[in-house]
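Note sheet for the following structure.
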Amino acid sequence: MNHPASHSQSFTVTTPLYYVNDVPHIGHAYTTMAADSIARWHRLNGRDVLLITGTDEHGQKIERTAIAAGVNPQVHCDRIVAKFDSLWSKLDIKYDRFIRTTAPAHRTIVNEFFQRVWDSGDIYKGTQQGWYCVACEEFKEERDLLADKHCPLHPSKQVEWRDESNYFFRLSKYQQQLEALYAERPDFILPNSRRNEVLKFVAQGLQDFSISRVNVDWGIPLPTDPDQTIYVWFDALLGYVTALLDPDAQVSLDNALHSRWPIDLHLIGKDILRFHAVYWPAMLMSAKLPLPERVFAHGYFTKDGKKISKSEGNAIDPIALVDCYGAEPLRYYFLKEIEFGQDGDFNETRFIEIVNADLANSLGNLVNRTLGMAKKYCQGYIPNCNATDIAADNPLKILGRDLGAQVDIAYNNLAFRDACEAILNLVRSSNKYIDDLAPWALFKQDKHLELAQVLYSVLESARLSAYLLSPIVPKISTDIYRQLGLNIDFDLICCNNSNDDNTASVENWKHHQQWGILQANSQLGEPQPIFTKLEVKTAPSS
RNA sequence: GGCUCAAUAGCUCAGUCGGUAGAGUAGGGGACUCAUAAGCCCUUGGUCGUCAGUUCAAGUCUGACUUGAGCCA
């Protein structure tokens with residue numbers, strides 16, 4: 001209804017282009033897992049999906065980090081990029097495009113875009129004086145600084161005095177248009193609390209911002225003044241456009257924008273909201289381009305209730321976590337247990353409790369016990385009945401009938417928690433249904449017809465649950481499908497779907513959202529635990 | 001200092017249009033046996049952050065305050 005993206009046939013979603021100053025942290029992993037899951041859901045629905053991620057590689061901070069490490073900036077970037085890419089692979093992220101802002105094509109796109117903004121008369125030369133934090137890549141107000149001119153966000157770093165002749169973007173010109181945008185499209189910035197922040201910020205009055213830097217060699221030279229380089233944010237946001245270029249297409253802004261622009265969803269962390277919700281739409285207005293559909297900013301994490309900070313040494317290392325526990329439990333915990341859009345906490349004990357309770361005990365055991373009964377009582381085949389044989393008042397049939405639509409709404413709202421809860425409700429009801437109907441007793445009483453219907457209802461509910469959870473735990477879902485005798489690999493569905501010849505087969509999976517598609521008398525696989533319980537592997541911090 | 005959001009069971013959270021609180025998980029007990037000691041049933045936990053106000057009636061509406069998170073380029 002108010003989610004146009006869910007009704008069109010293509011869907012383009014981005015993660016931020018991560019700044020390669022340092023190795024990936026948990027926030028990077030979180031955004032990317034969410035983006036991957038939402039992309040997978042749209043692919044299941046037969047849409048032509050493009051998941052864009054990548055890295056932002058320019059700027060003085062990176063230049064200095066590289067120098068400190070004694071390497072060329074490009075070498076430094078290559079090293080960090082390899083770590084990101086390796087993490088995405090470990091987390092089972094199926095991205096379609098990985099854009100690096102040092103890619104040659106990107107420079108062309110930035111130049112063309114700059115020219116458009118220039119032609120609109122929105123770039124002028126001015127002077128900027130003030131305290132500059134290299135770590136933030138921003139000017140700071142003196143009143144905001146800590147003692148001894150340290151940056152409030154980077155207490156270990158001193159700010160530097162700058163007196164520069166820079167080029168500015170006329171952001172102030174777009175204040176009214178931006179306010180009109182927020183008013184006309186209340187969904188443009190989500191969640192609402194973030195939207196309010198932006199509204200207040202803009203209402204204060206917008207100042208033009210500098211889009212170039214002098215004395216920064218690691219960047220894209222300004223087309224109109226090669227002594228300066230383009231400010232990293234102006235550069236980085238355009239990475240979303242460059243990423244749209246087909247690999248074999250001629251590099252031009254028109255070609256990049258030709259088929260998929262505008263982006264349906266920018267997923268970001270709340271730290272970079274202003275750039276995406278204010279600067280970016282204004283830049284696009286200036287270039288006379290359509291605006292993205294939606295910007296969604298999620299929250300941050302605490303560890304065991306405490307703020308994560310380097311000085312505390314309590315950072316969550318996503319690489320260590322995924323090496324220790326694997327991708328599926330992490331994907332599940334972060335998307336199911338943390339309210340998307342709000343801040344959340346990571347606590348290892350709780351993580352293990354939740355994942356064991358839901359994936360092993362509720363879902364895993366449901367599949368295992370039902371397949372065990374099918375093997376014993378039905379010789380390892382799906383019972384000889386189908387959905388139309390099941391009474392209309394069967395509780396699982398009733399729940400299953402609406403679940404697909406319910407979960408679709410949740411995914412479209414990025415309400416991963418709601419999606420999981422709705423699915424778990426079917427799982428729990430299935431466990432209860434088994435206990436209520438006691439198939440083992442029906443078997444002893446030779447009530448084979450009733451037994452068949454009970455087992456069919458439960459098998460089908462397990463199948464539907466696996467399908468609907470597949471954007472979050474694709475390997476577990478694939479395993480459940482395999483044990484149900486269905487040869488569908490959810491990782492494969494979510495790859496290469498942009499091939500035209502594959503679109504038809506993708507479309508075929510959509511009917512799996514309905515309850516009642518298991519075929520009578522087809523052979524089931526061998527029952528095996530789909531999820532082995534986790535044990536605490538590191539001592540919980542006290 | 002200005003502003004935004006939040007505060008409900010040990011933990012994570014629901015709670016619609018005001019009608020004296022719910023789920024999951026954790027803890028305790030029970031019956032059962034198909035199953036990964038799992039699932040199912042019962043159960044212990046709450047002055048709904050504090051104080052006022054409006055109302056026949058406030059977790060819900062209003063004001064102030066406290067605490068936490070965040071925004072103020």
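It should be emphasised that the depicted structure is a prediction, and the values quoted were computed from it without experimental measurement. Naming convention: chains lettered A, B, ... in sequence-line order (proteins, then strands); numbering from 1 in each chain.
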Once you apply a heavy-atom cut-off of 4.0 Å, does [X] come out as touching a base, just sugar-phosphate, or nothing?
{"X": "A:L206", "result": "base"}
{"X": "A:Q207", "result": "base"}
{"X": "A:F209", "result": "nothing"}
{"X": "A:I354", "result": "nothing"}

For this output row, return yes or no: ring centroids of [X] and [Y] closer than 6.0 angstrom.
{"X": "A:F340", "Y": "A:Y30", "result": "yes"}
{"X": "A:F209", "Y": "A:F168", "result": "no"}
{"X": "A:F296", "Y": "A:H266", "result": "no"}

Expected rows: protein N/O vs nucleotides 64-69 of chain B N/O, under 3.5 Å:
| residue | atom | partner | partner atom | Å |
| --- | --- | --- | --- | --- |
| B:A69 | O2' | A:D343 | OD2 | 2.9 |

- Task: Run the numbers on A:S37 and A:Y411 for side chain to side chain donor-acceptor pair (under 3.5 Å), then give the verdict.
- Result: CA-CA 9 Å; A:S37 293; A:Y411 277 121; over 6 Å; no

- Item | Base-contact (B) and sugar-phosphate-only (S) positions in nucleotides 26-34 of chain B, heavy-atom cut-off under 4.0 Å, - elsewhere | -------SB

- Message: Tell me which nucleotide, if any, is Watson-Crick or G-U wobble paired with B:U12 when both distances must be under 3.5 Å.
- Response: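 Paired with B:U12, as far as the under-3.5 Å criterion goes, is B:A23.
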
- Item | Distance-only polar pair, side chains of A:Y19 and A:H58, donor-acceptor under 3.5 Å | no

- Do A:Y231 and A:N166 have side-chain atoms, one donor and one acceptor, less than 3.5 Å apart? no

- Is any side-chain N or O of A:R428 closer than 4.0 Å to OP1 or OP2 of B:C40?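 The answer is no; no side-chain N or O of A:R428 sits under 4.0 Å from OP1 or OP2.
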
- Message: Syn or anti for B:G45, given that syn means the glycosidic angle lies within 90° of 0?
- Response: syn

- Item | Closest to side chain of A:R417, choosing from B:C40, B:U12, B:U36 | B:U12

- Residue A:R350, side-chain heavy atoms: nucleotide from B:G24, B:C72, B:U36 that is nearest: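 Out of B:G24, B:C72, B:U36, the nucleotide with an atom closest to A:R350's side chain is B:G24.
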
For residues 522-531 of chain A, tabulate all N or O donor-acceptor pairs below 3.5 Å that involve a side-chain atom, not counting sequence neighbours.
| residue | atom | partner | partner atom | Å |
| --- | --- | --- | --- | --- |
| A:S522 | OG | A:Q519 | O | 2.6 |
| A:E526 | OE2 | A:K375 | NZ | 2.6 |

